[in-house]
Undergrad: 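There's a structure below that I have some questions on.
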Amino acid sequence: MLELSYIRENTAEVIERLSVKNIDAAKTLEKIIELDARRRETQRELDDSLAESNNIAREVGNLMKAGKASDALELKNRVSELKVIAKDLSEKLDSIVTEQTGLLITLPNVPHSSVPKGKSAEDNEIVHSEGTMPNLPSDAVPHWELASKYDIIDFELGNKVTGAGFPFYKGKGARLQRALINFFLDNAIEAGYYEIQPPLVVNEASGYGTGQLPDKDGQMYFCQIDKLYLIPTAEVPVTNIYRDEIVKASSFPIKNVAYSNCFRREAGSYGKDVRGLNRLHQFDKVEIVQIQHPDHSYQTLEEMREYVSTLLRKLELPFRVLRLCGGDMSFTSALTYDFEVYSAAQQKWLEVSSVSNFESFQANRMKLRFKDENGKTRFCHTLNGSALALPRIVASLLENNQTAEGIRIPKALATYTGFDLLF
RNA sequence: GGAGAGAUGGCCGAGUGGUCGAAGGCGCACGCCUGGAAAGUGUGUAUACGCCAAAAGCGUAUCAUGGGUUCGAAUCCCAUUCUCUCCGCCA
């Protein structure tokens, strides 16, 4: 959620920057500012009337003590009147605040000045490319064929037991999963991240805090009877640790890493995008989350970007980094780098990581604050990134490393799998 | 799931209708003391909103959450959530 004071003081800039996300916010902003004026006026009237009630109540108390009960009677009536007025004002204030908040949460985060304009993925800016493209034999096949050839991932079995998008990993496939999780966690810990194992379901307030709710609730699995959501990413529970907190500035940067299953309904996806491991309803991901001082968050974003690059280098996968254009960015992000790995057999780039700075957008929703050098309470900046999501890494590892003898496992990973050739 | 007890500031803990945002202690911050530290000692130490250009200051709200009773609620009543104890079930 955008900060009200920021909207109020930089209206034109907000409109201009949101246009990069192809949003025309002028009318909404105007309404929000108008509601804000009414909110403050109503608040003042309400406070005044409550102040008068409090004063009279105190007087009544004094009169009672002095044994002048009859004198108190008239005052009592006045308080009763004020109470009715205050109740009206309070209801009015509630409805104004509700309306204002309702509008505020429809506004996406303002993109960083470096974000290019654009409508779709076509307009993303490639900022970096690295690694050598594999030279595959002519009989190279996509990962879903390799998965069944080596009997390591069973999509049909998943269909039978659960449904589409919930595969079974078997034998060396399961071990490869476990190896990748440990590889990613160990690397993160070495880079100074603190490991967290979060709950896989969260309450409504947490979904709201990181921005999944209310706009994306159809994308999460929901347990109706307990009003709990299956997490779409560890970002949700791990960032919400700090909901309603005032952290010490000396604790910056706060660096957490968490492995979790991620659950996504992916309503509306279809076709070859969901083939094999490309898009699953349940997958594994190691997520890095940082809480940082506003002055340092972009430097941190670059560090996180570099960290993810080192992982892909160790896995010997060719990758490129994209700066997402306004139209392709998420609702909550101010700047996002996507990492894509080349899937040789599918001959396409697969998104394996998304590293974002949310600035104070999530922090404002969550009321995550810190005290700055002047003792002033301010919102923190939050950042996160996948480091990494497993399925598409597995897809490209299988495809890019296929040989006549089997799948070659990169050296850095082989110490975790316990085998360097999957056959 | 059943029965009972409870929820107060960063933490512990007092407070059963009236200047209570809340005693006391711990912690924390700053100062004094010290060669330095500890001990000692002094001061300060919640959050949000509103008024104000801003600071100071003032007002309002907040004692789990939401309602209610009352001139007045941390205190009484109702609902919800959570915690603990016992019983049941159980990885």
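In what follows, chains carry the letters A, B, and so on, assigned in the order in which the sequence lines appear, proteins first and then strands, with residues in each chain numbered from 1. Everything numeric in this text was worked out from a predicted model, so none of it was measured.
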Undergrad: Roughly how many Å apart are B:U8 and B:G1, using the C1' atom of each and rounding to a whole number?
TA: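 Per the computed distance, 31 Å lies between those C1' atoms.
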Undergrad: Please produce a list of atom pairs where a protein N or O lies less than 3.5 Å from an N or O of nucleotides 16-22 of chain B.
TA:
residue: B:G18; atom: N2; partner: A:A57; partner atom: O; Å: 2.7

Undergrad: Can you tell me the distance, in whole Å, between the CD atom of A:E245 and the P atom of B:G9?
TA: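 Going from CD in A:E245 over to P in B:G9 covers 13 Å.
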Undergrad: Between the protein and nucleotides 44-48 of chain B, are there any N/O to N/O pairs under 3.5 Å, and if so, what are the atom names and distances?
TA:
residue: B:U47; atom: OP1; partner: A:K371; partner atom: NZ; Å: 2.4
residue: B:U47; atom: O3'; partner: A:R369; partner atom: NH1; Å: 3.2
residue: B:A48; atom: OP1; partner: A:R369; partner atom: NH1; Å: 3.4

Undergrad: Does the structure show a Watson-Crick or G-U wobble partner for B:U83, both distances under 3.5 Å? Name it, or say none.
TA: B:A5
Undergrad: Just name whichever nucleotide pairs with B:G57, Watson-Crick or G-U, keeping both distances under 3.5 Å, else none.
TA: B:C51
Undergrad: Taking atom C1' in both B:A56 and B:G67, compute the distance separating them and give it to the nearest angstrom.
TA: 38 Å
Undergrad: May I ask you to check whether A:Q43 and A:D47 show a side-chain donor-acceptor distance below 3.5 Å?
TA: yes
Undergrad: Please give, in whole Å, the distance from B:G59 C1' to A:N55 CG?
TA: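 Interatomic distance, CG of A:N55 to C1' of B:G59: 10 Å.
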Undergrad: Considering only NZ, NE, NH1 and NH2 on the basic side and carboxylate oxygens on the acidic side, decide whether A:R38 and A:E99 come within less than 4.0 Å.
TA: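 Looking at A:R38 and A:E99, the cut-off is not met.
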Undergrad: With a 6.0 Å cut-off on ring centres, are A:Y298 and A:H381 close enough?
TA: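 No, too far apart.
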Undergrad: With a 4.0 Å cut-off, would you call A:R17 and A:E13 a salt bridge?
TA: yes
Undergrad: Could you check whether A:N77 gets within reach of a base, just the sugar-phosphate, or nothing at all, counting any heavy atom under 4.0 Å?
TA: nothing
Undergrad: Using atom names, set out every protein N or O paired with an N or O of nucleotides 50-52 of chain B below 3.5 Å, distance rounded to 0.1 Å.
TA:
residue: B:G50; atom: OP1; partner: A:R39; partner atom: NH2; Å: 2.4

Undergrad: For the NZ atom of A:K149 and the CG atom of A:L398, what is their distance to the nearest 0.5 Å?
TA: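 Output value for this atom pair is 11.5 Å.
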Undergrad: Under the 6.0 Å and 45° cation-pi test, does A:K172 pair with A:F423?
TA: yes
Undergrad: Tell me if the aromatic rings of A:F370 and A:F252 count as close, with their centers under 6.0 Å from one another.
TA: yes
Undergrad: Which value, in whole Å, describes the distance between the P atoms of nucleotides B:C63 and B:A22?
TA: 13 Å
Undergrad: At 4.0 Å (heavy atoms only), tell me whether A:L50 reaches a base, stays on the sugar-phosphate, or touches nothing.
TA: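 A:L50: backbone/sugar contact only, no base atoms under 4.0 Å.
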Undergrad: Are there any protein N/O atoms within less than 3.5 Å of an N/O atom in nucleotides 64-68 of chain B, and if so, which ones and at what distance?
TA:
residue: B:G68; atom: OP1; partner: A:K87; partner atom: NZ; Å: 3.0

Undergrad: To the nearest Å, give me how far apart NZ (A:K248) and P (B:G27) are.
TA: 14 Å
Undergrad: If the P atom of B:U80 is compared with that of B:C28, how far apart are they to the nearest Å?
TA: 42 Å
Undergrad: Just to be sure I understand the rule, does A:K83 reach a base, reach only the sugar-phosphate, or reach nothing, if contact means heavy atoms closer than 4.0 Å?
TA: base
Undergrad: For B:U62 and B:G9, measure between their C1' atoms and round to the nearest Å.
TA: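 Nearest-Å result for B:U62 against B:G9 at atom C1': 11 Å.
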Undergrad: Between A:D154 and A:K170, does any side-chain N to carboxylate O distance fall below 4.0 Å?
TA: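 Looking at A:D154 and A:K170, the cut-off is met.
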Undergrad: With both distances under 3.5 Å as the test, what is the Watson-Crick or G-U wobble partner of B:G17?
TA: none
Undergrad: Does B:A61 have OP1 or OP2 sitting under 4.0 Å from an N or O in the side chain of A:N54?
TA: yes
Undergrad: Expressed as a whole number of angstroms, how long is the span from A:D48:CG to B:A61:P?
TA: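 Result: 12 Å.
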Undergrad: Does the structure show a Watson-Crick or G-U wobble partner for B:G27, both distances under 3.5 Å? Name it, or say none.
TA: B:U45
Undergrad: Is it the case that the side chains of A:Q346 and A:E399 hold a donor-acceptor pair, with the cut-off being a distance below 3.5 Å and no angle test?
TA: yes
Undergrad: Can you tell whether the side chains of A:D36 and A:R40 come within less than 4.0 Å, N to carboxylate O?
TA: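 Salt bridge flag = yes for A:R40 with A:D36.
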Undergrad: Is a salt bridge present between A:R305 and A:E302, judged by a nitrogen-to-oxygen distance below 4.0 Å?
TA: yes
Undergrad: Counting only Watson-Crick or G-U wobble pairs whose two distances fall under 3.5 Å, which nucleotide matches B:A74?
TA: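 Pairing partner, where one exists within any strand: none, as none qualifies.
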Undergrad: Could you measure between the two P atoms, the one in B:G72 and the one in B:G13, and give it in whole Å?
TA: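 After rounding to an integer number of Å, I get 33 Å for this pair.
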Undergrad: Give me the distance, rounded to whole Å, that separates B:A7 from B:A14 when you measure between the P atoms they each carry.
TA: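 It works out to 10 Å between them.
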Undergrad: Using 30° and 60° as the class limits, which term best fits the ring planes of A:F183 and A:Y416: parallel, tilted or perpendicular?
TA: perpendicular
Undergrad: Can you name the one residue among A:N384, A:T336, A:T382 that meets side chain to side chain donor-acceptor pair (under 3.5 Å) with A:S356?
TA: A:T336
Undergrad: Would you kindly give the CD1-to-C1' distance between A:I85 and B:U60, to the nearest whole Å?
TA: 16 Å
Undergrad: Roughly how many Å is it from CZ in A:R78 to P in B:G72, rounded to a whole number?
TA: 14 Å
Undergrad: What residues, two or more places apart in sequence or in another chain, satisfy ring-ring contact (aromatic ring centres under 6.0 Å, His included) together with A:Y259?
TA: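 With sequence neighbours excluded, A:Y259 shows a ring-ring contact (aromatic ring centres under 6.0 Å, His included) to no residue whatsoever.
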Undergrad: Hey, can you pull the donor-acceptor pairs under 3.5 Å for the side chains in residues 159-167 of chain A, sequence neighbours left out?
TA:
residue: A:N159; atom: OD1; partner: A:A164; partner atom: N; Å: 3.4

Undergrad: What is the pairing partner of B:C63, taking Watson-Crick or G-U wobble pairs with both distances under 3.5 Å in any strand?
TA: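 Partner of B:C63: none.
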Undergrad: Between atom CG in A:L73 and atom P in B:C71, what is the gap in whole Å?
TA: 10 Å
Undergrad: Could you check whether A:E41 pairs with A:R44 (Lys NZ or Arg NE/NH1/NH2 to Asp/Glu carboxylate O, under 4.0 Å)?
TA: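 So A:E41 does not pair with A:R44 through a salt bridge.
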Undergrad: What distance, rounded to whole Å, do you find between the two C1' atoms, one in B:A23 and one in B:C12?
TA: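 Per the computed distance, 14 Å lies between those C1' atoms.
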